[in-house]
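Notes to accompany the following structure.
Nothing fancy with the numbering, it's 1 onward along the sequence.
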Amino acid sequence: MTLLFPCFGGYMANHSLVLADANLDLVGQPLVIGQEFPDVETCRRALKDIAIAMHFDLRIVKSDRSRFIAKCSKEGCPWRVHVAKCPGVPTFTIRTLHAEHTCEGVQNLHHQQASVGWVARSVEARIRDNPQYKPREILQDIRDQHGVAVSYMQAWRGKERSMAALHGTFEEGYRLLPAYCEQIRKTNPGSIASVVATGQENCFQRLFVSFRASIYGFINACRPLLDLDRAHLKGKYLGTLLCAAAVDADDALFPLAIAVVDTESDENWMWFLSELRKLLGVNTDNMPRLTILSERGQGMVEAVETHFPSAFHGFCLRYVSENFRDTFKNTKLVNIFWNAVYALTAVEFESKISEMIEISQDVILWFQRYPPQLWAVAYFEGVRYGHFTLGVTELLYNWALECHELPIVQMMEHIRQQMTSWFDDRRDMGMRWTSILVPSAEKRVLEAIADAHCYQVLRANEVEFEIVSTERTNIVDIRSRVCSCRRWQLYGLPCAHAAAALISCGHNAHLFAEPCFTVQSYRVTYSQMINPIPDKSQWREQGEGAEGGGAKVDIVIRPPRTRRPPGRPKKKVLRVENLKRPKRIVQCGRCHMLGHSQKKCTMPI
């Protein structure tokens, strides 16, 4: 007996595919009398899968605890199967089977058995590997692989159901937070993990996590520099991801503390900086004087001033530069601005400011809103070691993008696993290095040594040197590690003038870099491990660790009141500029205007 059905691409008007046997199960074995299934649900799913694969409609005649009877939905077609429960055991077996079809099967791409549950089962393996699997991709893949058309809503609901089966629901994620915090503290002693609920209904408000490995690495080996930023979450209950991140010896980002809050607010920033202050205060006797970079929103500024009153709090240069560019929209002005940003001395800076004022007087008002003391290399009092932008912005954006469809516990686990991978990889890499300094610092010191050969060195005393060049003369003090050009102090690595002085008296310039740039410091940074956390099936759903409002051990945390509005969310493209050097200005050789070359000039000759 043959069965005719449409091909995957559409209805077959003049052609049909001949099946030798329409009664193959999903692994290619024929249905036979006596075949067993673990339970009635497995039997029902298997027969539905067969009906979809062989393109015929299945009609369920009877389905209860003891039997399952189904037949082909086409009138007159004899195909029929009767499955009954075996006595004394939970299995079901095929008792009766009429295996032949006399109908032509489903003649279009729509199939009654292709339910949301079937879609969820079909895509579960793919979603496990790729949570970003999109509904449009799902419906296209199902059409290509099964020859069945499902709607966008079916694909979306199928994915939601599959995600809930794999990762749990969003609501379950909030309920598991106290137990998750308890597991962090238990498996990673010395780590900080706390959750705060609010209101009579115990709605989620705040989560704070900092691993002992990160705390140890920052306090003992990282430079005293922190990035502060946030990213808005786009999941079912929205929220905001906050992060304080340091920079390791090789200029890679080093997350210190992570928080999730119900909404970005001045109050939540105050709380986050308070937790950060307590974290550092508990783990060190001498609090380092920090340099903090951020977008300097009002809530951030007040929180830093309250909890880190001695810290130098500066602007992220990406934020300042984008504001300047969007305000003036003048290529030449923007390029002069970048030259001013990186000017090492006040004299150089003021010279560039004068050039900008000649082009636009509005620059004066802009500088009043964004004082140079908060961002310019020449005036900013904190030490940034050449780190001028928020690297954490892109990291948070990626985390928010990768995890927006995961419950909060799964999101935090994704972040923890990524951090664990970084620690392992960087620990191994650090052990392979044999130099004094990390590669990025080694490269800059070698460049300084190469440039040092063009200078004349005059020694004034044991520690002071006069470095003479055709452009200017600089004074170097190797004991204080100071050069009058200010590059040594600002970047923490010997400049070319310092290298010339050190070489002249037989010193190794690599030994005069700040300790935070050494391979030894890098190894200490990643010397501790972030330990794994057991599967959630082994947790107690209610654990200690919830705080706020007299929270008890048996607290049940519910989702926040904020929910994602209906409709497709707007996408914001993060612009990551190349901040290392200004773009080259093209100037026409004929009309002398900026923005085009002589070859493309439209002015008549």
Side-chain angles (χ1 to χ4, degrees), residues 210 214-215 217-230 242-257 269 272-277 279-281 283-284 286-297 299-321 341-346 349 370-393 395-396 438 440-441 444 480-482 486-493 495 513-518 521-522 525 579-580:
S210 180
S214 297
I215 299 170
F218 174 71
I219 290 176
N220 291 283
C222 287
R223 60 195 89 170
L225 173 70
L226 285 177
D227 287 356
L228 288 182
D229 207 357
R230 82 285 181 266
L242 310 180
C243 185
V247 182
D248 69 21
D250 205 36
D251 291 331
L253 209 61
F254 185 81
L256 172 61
W269 273 117
F272 182 64
L273 269 295
S274 171
E275 294 296 306
L276 193 61
R277 171 74 189 194
L279 176 157
L280 295 176
N283 288 278
T284 181
N286 298 315
M287 176 74 71
R289 191 173 188 184
L290 296 176
T291 295
I292 297 175
L293 299 182
S294 73
E295 293 183 0
R296 286 186 60 91
M300 290 184 189
V301 172
E302 292 179 357
V304 170
E305 289 177 351
T306 300
H307 297 291
F308 296 93
S310 65
F312 302 106
H313 189 189
F315 273 114
C316 162
L317 279 190
R318 178 187 299 141
Y319 174 78
V320 172
S321 67
V341 166
Y342 291 116
L344 296 174
T345 65
F349 181 85
Y370 298 93
Q373 291 81 2
L374 299 178
W375 50 267
V377 172
Y379 287 112
F380 184 67
E381 295 183 7
V383 182
R384 290 174 286 187
Y385 300 98
H387 181 78
F388 300 116
T389 62
L390 292 176
V392 70
T393 301
L395 175 66
L396 287 173
V438 297
S440 60
R444 281 178 277 176
S480 303
R481 301 190 178 190
V482 169
R486 300 187 71 238
R487 185 175 293 276
W488 196 358
Q489 304 92 290
L490 293 172
Y491 288 85
L493 296 169
C495 61
E514 288 294 319
C516 61
F517 291 106
T518 63
S521 290
Y522 189 88
T525 303
L579 303 176
K580 297 300 181 183

Measure the spacing between [atom1] of [X] and [atom2] of [Y] and express it to the nearest 0.5 Å.
X: R296; Y: L374; atom1: CZ; atom2: CG; result: 4.5 Å
X: L276; Y: W269; atom1: CG; atom2: CH2; result: 10.0 Å
X: L290; Y: F218; atom1: CG; atom2: CZ; result: 5.0 Å
X: T389; Y: D227; atom1: OG1; atom2: CG; result: 7.5 Å
X: H307; Y: L280; atom1: NE2; atom2: CG; result: 12.5 Å
X: L228; Y: I292; atom1: CG; atom2: CD1; result: 5.5 Å

Spell out, as yes or no, whether a donor-acceptor pair under 3.5 Å connects the side chain of [X] to the backbone of [Y].
X: T525; Y: S521; value: yes
X: S214; Y: S210; value: no
X: R487; Y: L344; value: no
X: D250; Y: S440; value: yes
X: R384; Y: W375; value: yes
X: T291; Y: V383; value: yes

Can you name the closest pair of heavy atoms from [X] and [Y] and give their distance?
X: C222; Y: F254; value: SG-CD2, 3.9 Å
X: Y385; Y: G492; value: CD2-CA, 4.1 Å
X: Y379; Y: A346; value: OH-CB, 3.5 Å
X: R481; Y: Q489; value: O-CG, 4.0 Å
X: F312; Y: R289; value: CZ-CZ, 3.2 Å
X: A376; Y: F349; value: CB-CE1, 3.6 Å

**Study point:** side chain to side chain contact (heavy atoms under 4.5 Å, CB included) assessment of D251 paired with H387
**Key:** CA-CA 8 Å; D251 291 331; H387 181 78; 5.8 Å; no

Any heavy-atom pair between the side chains of [Y] and [X] that's under 4.5 Å?
X: L279; Y: I215; answer: yes
X: S480; Y: W488; answer: no
X: H313; Y: S294; answer: yes

Exercise for review: With sequence neighbours left out, write down each residue that passes side chain to side chain contact (heavy atoms under 4.5 Å, CB included) with E295, or none if nothing qualifies.
Suggested key: D229, R230, Y319, L390

Exercise for review: May I ask you to check whether F315 and F380 place their ring centres under 6.0 Å from each other?
Suggested key: no

